[in-house]
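In what follows, a structure is listed as structure tokens, so that the remarks can point back to it.
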4 protein chains.
Amino acid sequence: MKKREEEILVRAKSLFSKRGFHSLTVSEIVDSLGIARGTFYLYFKNKDDVYRRVLERTVQEIEKNLKVLPLERPLEQLRRNLLSVLKLIEEDRETASLIFYHPYKLNLEFDEILEEFYGKVLSLIERALLKGMEMGIVRECNVKVISRAIFGAFVEVGKGLLKGELQSAEEAVDELLSFGLRGLLEGRNDWRN
Amino acid sequence: MKKREEEILVRAKSLFSKRGFHSLTVSEIVDSLGIARGTFYLYFKNKDDVYRRVLERTVQEIEKNLKVLPLERPLEQLRRNLLSVLKLIEEDRETASLIFYHPYKLNLEFDEILEEFYGKVLSLIERALLKGMEMGIVRECNVKVISRAIFGAFVEVGKGLLKGELQSAEEAVDELLSFGLRGLLEGRNDWRN
Amino acid sequence: MKKREEEILVRAKSLFSKRGFHSLTVSEIVDSLGIARGTFYLYFKNKDDVYRRVLERTVQEIEKNLKVLPLERPLEQLRRNLLSVLKLIEEDRETASLIFYHPYKLNLEFDEILEEFYGKVLSLIERALLKGMEMGIVRECNVKVISRAIFGAFVEVGKGLLKGELQSAEEAVDELLSFGLRGLLEGRNDWRN
Amino acid sequence: MKKREEEILVRAKSLFSKRGFHSLTVSEIVDSLGIARGTFYLYFKNKDDVYRRVLERTVQEIEKNLKVLPLERPLEQLRRNLLSVLKLIEEDRETASLIFYHPYKLNLEFDEILEEFYGKVLSLIERALLKGMEMGIVRECNVKVISRAIFGAFVEVGKGLLKGELQSAEEAVDELLSFGLRGLLEGRNDWRN
DNA sequence: GATGAATGAGTATTCATTCAT
DNA sequence: CATGAATGAATACTCATTCAT
């Protein structure tokens, strides 16, 4: 990766995360870097191209943190993954903003990138659930529905952290896990026991 | 409400839900109705104006279905509300699409409309949780985190229904409730008992 | 003249004098009268038509005050005419505004209306000058130039009154006349003596 | 100043002076130069912007010719200034057209540009008058009124030259001066003596 | 590699005018 | 006489993209 290309990608990510796809112009990207308009097109086919690559990178960064640990302790693995992603959000608001607030229907290609990412996360959750059931830790349930529910709960808590309406990622993940495992009803025990 | 205005709003909702705000042009709206460009501006100040009104209406339609039932049975109330909204989604994919896939950062005013709506839903959930705790049905928990989690789970399941990746709204809601109430761990009882 | 027609003309004059031709819309005229857009076109062919008729009327009102008195006392006649027009300006700012600040090159037809009016005023002045020369009161001069100069001086003083930068019409006319007759140089007598 | 910018300004001045602000379109400017619509907006913020800059330039060109000579000979200075401006008008009809026939009430900002210019010319005249009085050359008079009168006379003669209704600028200025200094009444001497 | 002037298709918006009721 | 909904031509302005230097 060329230095210039990298430079543009970094700046573009920052700007797209603040301004969204449509309101950010190519001029703003190049002006903010002090480079010529033509230089931009030396490294990127067009505006869609930068956006796609920004999205891809961002998704990859998160995926690096999604470890497919050995499945002996599926719930622990899930906990770790959720926590590591929420931590990332706390640290890198640009990434979070892109992932959570990406406008769908911009362009089918863009949507696919996130859909694929979401799909990966979903299947990670599904696999943990299935393994848990196999091991007798997790009760029988509709995995399709529940994995989505977990995913959604997680995403929404992530947004809460991003907006500053929730405070600590650690606390949120524990609360989330506890909720997911024990449910809301009174009279349960901690799942780790 | 004038007939024309209604006609435009209905068509605009349909088109915005399919195409998003930016890619839909005013020309497409009027062409699709076979009316003159000027006619559009007779009823709407500008493109933002239609979009705002479409969004407002859509939110209102859903809110009509969010009944603030007497809180004696908070969990039952929650169940009904979630179900009625998911049913709506099943029936009216345009509404669902607008609500779930609205691009944030389009325009602060637009975002506020949905934020306000989401806020209402969140507080509905919070109130049910708090009442449940008061009544001793729901165990102590961080209401801020858990209400978001429930909301997120619900939204994500809604999206799944919309995309056709999940089948029945009824089944999904029951599964969701059971998940939320009993959690995932083996060896729990049904909350209704 | 129909009552409605009159009503529209009066309002249009008022609005055109404040807003100018281009920035005033037909909608504003009809809205301000509480009548339908169609009603306007019952009495006027188009927007140009009202403007033309407003201009014509306004010019006619002034012309009524421009008396072609018997020429025995040409300078006295000139004084009276100038005074009567400046008085009108003091009283009717709408008329003054239209006459003095009409944007040329709007439309040839409009320009002609004022040009014709200006032409009349000029020839009034010219005739007074010529008569004065004939009578030996006025010294030999280039009537074309001087009549324009008198006209211009008069118009500019009118604008000064309109803008409130000059105070009394009477005083201004006397000063103007004295200037025109005696000139600026020291050591002259009053022309009436 | 970039070559293109200059090119556009020159053409715009020419077109505005012939067609006025409203009837001239941006398309006409660019078509007449054979450049793209976007090129125009590279150099000018909008249509108002070109007009404003054309007006400012034009005023500046004239102001360069308005010399604030030492005041020992105030009337001679006035004569020179009036003459130099009238000469300019003879030579540059576009400038003259813009200055004399600019439609007021287009836009407050535009009006201010000319008002400021007119104000400068007026104060130039006022200062000459006051100095003249101080030196005992000019008789006591209401300077506010008389300076306006001189200005108006001058403007109107300028218009006459522009329209071709008056012939020579030199002759007109001398006639104008003689009129202003000696007045119209018979039996006066030349002011230079 | 880098530049930045030039491009022009695309879009929102206005407003005088018409005409069926 | 009066209405006012509907029209659509006209226009300003934006911005992604190109290409000669």
Side-chain angles (χ1 to χ4, degrees), chain A residues 2-5 8 21-31 33-51, chain B residues 2-5 7-8 22-31 33-51, chain C residues 2-5 8 21-31 33-51, chain D residues 2-5 7-8 22-31 33-51:
Chain A
K2 316 273 174 42
K3 200 174 129 290
R4 255 302 145 77
E5 196 172 348
I8 296 173
F21 179 80
H22 278 109
S23 37
L24 183 62
T25 66
V26 172
S27 300
E28 280 174 283
I29 299 173
V30 298
D31 289 351
L33 285 167
I35 63 175
R37 308 165 76 69
T39 306
F40 173 90
Y41 287 92
L42 240 40
Y43 298 97
F44 301 93
K45 235 180 35 244
N46 50 37
K47 189 184 169 187
D48 278 20
D49 191 32
V50 228
Y51 192 73
Chain B
K2 311 267 177 49
K3 198 175 130 289
R4 256 301 145 78
E5 195 173 349
E7 194 180 26
I8 296 172
H22 280 110
S23 37
L24 182 62
T25 66
V26 173
S27 299
E28 279 174 285
I29 299 174
V30 299
D31 289 351
L33 285 167
I35 63 175
R37 307 166 78 65
T39 304
F40 173 88
Y41 288 93
L42 233 43
Y43 298 97
F44 302 93
K45 252 200 350 268
N46 49 38
K47 191 182 164 186
D48 277 22
D49 192 32
V50 227
Y51 192 73
Chain C
K2 315 273 176 40
K3 199 174 130 290
R4 256 300 146 78
E5 196 172 348
I8 297 173
F21 180 79
H22 278 110
S23 39
L24 182 63
T25 65
V26 172
S27 300
E28 280 175 283
I29 299 174
V30 298
D31 289 350
L33 285 167
I35 63 175
R37 305 165 78 70
T39 306
F40 174 89
Y41 288 91
L42 240 40
Y43 298 97
F44 301 93
K45 232 176 44 240
N46 51 36
K47 189 183 168 187
D48 278 21
D49 192 30
V50 227
Y51 191 73
Chain D
K2 312 267 178 46
K3 199 176 128 289
R4 254 303 144 79
E5 195 173 348
E7 195 181 26
I8 296 172
H22 279 110
S23 38
L24 182 62
T25 67
V26 173
S27 300
E28 278 175 285
I29 298 174
V30 298
D31 289 351
L33 285 166
I35 63 174
R37 308 166 77 66
T39 304
F40 173 89
Y41 288 95
L42 232 44
Y43 299 98
F44 301 94
K45 256 203 344 273
N46 49 38
K47 191 182 164 186
D48 277 22
D49 192 32
V50 227
Y51 192 73

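Basis for what follows: all heavy atoms, side chains included, without hydrogens, waters or symmetry-related copies. Sequence lines set the chain letters: A, B, ... in the order given, protein chains first and strands last, and positions in each chain run from 1. Worth saying up front: this structure is predicted, and the values here are computed from it rather than measured.
Checked against side chain to side chain donor-acceptor pair (under 3.5 Å), E7(B) has the following partners two or more places apart in sequence or in another chain: R4(B). Residues satisfying the side chain to side chain contact (heavy atoms under 4.5 Å, CB included) test with D31(D), not counting sequence neighbours, are S27(D). Residues satisfying the ring-ring contact (aromatic ring centres under 6.0 Å, His included) test with Y41(C), not counting sequence neighbours, are none. Checked against side chain to side chain donor-acceptor pair (under 3.5 Å), D49(B) has the following partners two or more places apart in sequence or in another chain: R52(B). With sequence neighbours excluded, the residues satisfying ring-ring contact (aromatic ring centres under 6.0 Å, His included) with F40(C) are F44(C). Checked against side chain to side chain donor-acceptor pair (under 3.5 Å), T25(A) has the following partners two or more places apart in sequence or in another chain: E28(A).
Between Y43(D) atom OH and dG4(E) atom C1' there is a gap of 9 Å when expressed in whole angstrom units. Atom CG in L33(B) sits roughly 17 Å away from atom P in dA5(F) (whole-Å rounding). Look at CD1 on I35(D): it is 14 Å from C1' on dC13(F), rounded to the nearest Å. dC1(F) atom P lies 12 Å from atom CD1 of I8(C), rounded to whole Å. What separates CG of D31(C) from P of dC15(E) is a distance of 12 Å, to the nearest Å.
Using a 4.5 Å cut-off on side-chain heavy atoms (C-beta onward), I29(D) and I8(D) make contact. With a 4.5 Å cut-off on side-chain heavy atoms, F21(C) and D48(C) count as touching.
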Protein-proximity profile, nucleotides 16-21 of chain E, B/S/- by nucleotide at the 4.0 Å heavy-atom cutoff, equals BBBB--
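Of the candidates dT7(F), dT7(E), dC1(F), the closest approach to any side-chain atom of R4(B) belongs to dT7(F). The side chain of A36(C) approaches dG4(F) more closely than any other nucleotide in the set dG4(F), dG1(E), dT7(E).
For DNA chain F, if you chain together Watson-Crick or G-U pairs that step i with j, i+1 with j-1 and so on, the runs of at least three with distances under 3.5 Å are E:2-21 with F:2-21.
Sorted pairs that involve residues 34-47 of chain A and meet salt bridge (Lys or Arg N to Asp or Glu O under 4.0 Å), not counting sequence neighbours, are lacking altogether.
No engagement by F44(C) is indicated, since no non-hydrogen atom pair under 4.0 Å with the nucleic acid exists.
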